[in-house]
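Structure record follows, encoded as structure tokens.
Worth knowing before you read on, the calculation uses all heavy atoms, side chains too, and leaves out hydrogens, waters and symmetry mates. Here is how names work: the chains are called A, B, and so on, in the same order as the sequence lines, proteins then strands, and each is numbered from 1.
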Amino acid sequence: KQEVTQIPAALSVPEGENLVLNCSFTDSAIYNLQWFRQDPGKGLTSLLLIQSSQREQTSGRLNASLDKSSGRSTLYIAASQPGDSATYLCAVGTQGGSEKLVFGKGTKLTVNP
Amino acid sequence: EAEVAQSPRYKITEKSQAVAFWCDPISGHATLYWYRQILGQGPELLVQFQDESVVDDSQLPKDRFSAERLKGVDSTLKIQPAELGDSAMYLCASSLSRHEQYFGPGTRLTVT
């Protein structure tokens, strides 16, 4: 059974700092990995999608990497801003009959002005 | 930009009552998912549809939950009877096969 772990569970940083969020998964048989942002009481906003054949994806100040063999992904946020404060969720697309995403519990990020 | 629509956004119901949620996926997306997210946890899949067919409902509590997507477009998730432990955010998502999943705003259910 696929399990996804995100470390740390919570992170508080001053504005302007670069930071890294970590995600690990137990089964390397995935077809993609998505990073999402969730604001309190809201739905999920997709940030980056990495296909299993890719190593990284970039969008603006965000960069996500994938090392499928070691079961790890990182989300790098450059020059953090207070508006980046949210919960960040990592999810892996599982191979097999179902195409469901298996999620971690998230990292709650607070960027202080 | 196309979005996944869900209604209602919030629902408060009493224990043992029936409740229903509606989802309209992005046009052209054949795959539709219902996830449940308990506070402080990541979402977990309840049911996945490919067009009008159920692909995975292994985690759906079938004694009280039902889901349908009759014409392969919009979908309804029903709970009857609701229990206190059903309080959660219910999220709908859609995608092209094995592509990026797009989520709606969710329905926050509170069972009293």
Tell me whether B:Y102 is reachable from B:L77 by hopping between hydrophobic residues (I, L, V, M, F, W, Y) whose side-chain heavy atoms are closer than 4.5 Å.
no

Is it the case that the side chain of B:E100 and the backbone of A:S46 share a donor-acceptor pair, with hydrogens and angles ignored and the cut-off at 3.5 Å?
no

Starting at CD1 of B:I38, measure out to NZ of A:K105 and round the result to the nearest 0.5 Å.
10.5 Å

Under a 4.5 Å heavy-atom cut-off, does chain A meet the side chain of B:Y35, its backbone, both or neither?
side chain

With a 4.5 Å cut-off on heavy-atom pairs, point out which of B:Q41, B:Q101, B:R108 contacts chain A the most.
B:Q101

Using non-hydrogen atoms only, which part of B:E44 is less than 4.5 Å away from chain A: side chain, backbone, both, or neither?
neither

Distance from B:Q59 atom CD to A:K100 atom NZ, nearest 0.5 Å?
5.5 Å

CE/B:M89 to NZ/A:K42 distance, rounded to the nearest 0.5 angstrom?
8.5 Å

Value rounded to 0.5 Å, distance of CD in A:Q34 from CZ in B:F103
7.0 Å

Got a sec: does the NZ of B:K71 have more than 12 other heavy atoms crowding it under 6.0 Å?
no

Which residues share a salt bridge (Lys or Arg N to Asp or Glu O under 4.0 Å) with B:R36, sequence neighbours left out
B:D86

Within a radius of less than 6.0 Å around CG of B:L84, do more than 12 heavy atoms belonging to other residues, nucleotides or ligands occur?
yes

Hydrophobic cluster membership, with links at side-chain heavy-atom distances under 4.5 Å among I/L/V/M/F/W/Y: are A:V92 and A:L66 in one?
yes

When only pairs under 4.5 Å are counted, which of B:G104, B:G40, B:P43 shares the most heavy-atom pairs with chain A?
B:P43

Only pairs at least two apart or in different chains count here, so list each side-chain hydrogen bond (donor to acceptor under 3.5 Å, both in side chains) that has a residue in residues 5-29 of chain B.
B:W22-B:D74, B:H29-B:S94

Listed partners of B:R69 passing salt bridge (Lys or Arg N to Asp or Glu O under 4.0 Å), at least two apart
none

Check the hydrophobic clustering (I, L, V, M, F, W, Y; side-chain heavy atoms under 4.5 Å; chains of links allowed) and say if A:V102 and A:Y88 are grouped together.
yes

For A:L89, which atoms come within 4.5 Å of any heavy atom of chain B: side chain, backbone, both, or neither?
side chain

Is A:E15 atom CD crowded by more than 12 heavy atoms from other residues, nucleotides or ligands, each under 6.0 Å away?
yes

Going hydrophobic residue to hydrophobic residue with side-chain gaps under 4.5 angstrom, can you get from A:L75 over to A:L109?
yes

Cluster check A:I77, A:F36: I/L/V/M/F/W/Y, side chain < 4.5 angstrom
no

Contact listing (chain B partner; residues 1-13 of chain A; heavy atom under 4.5 Å)
none

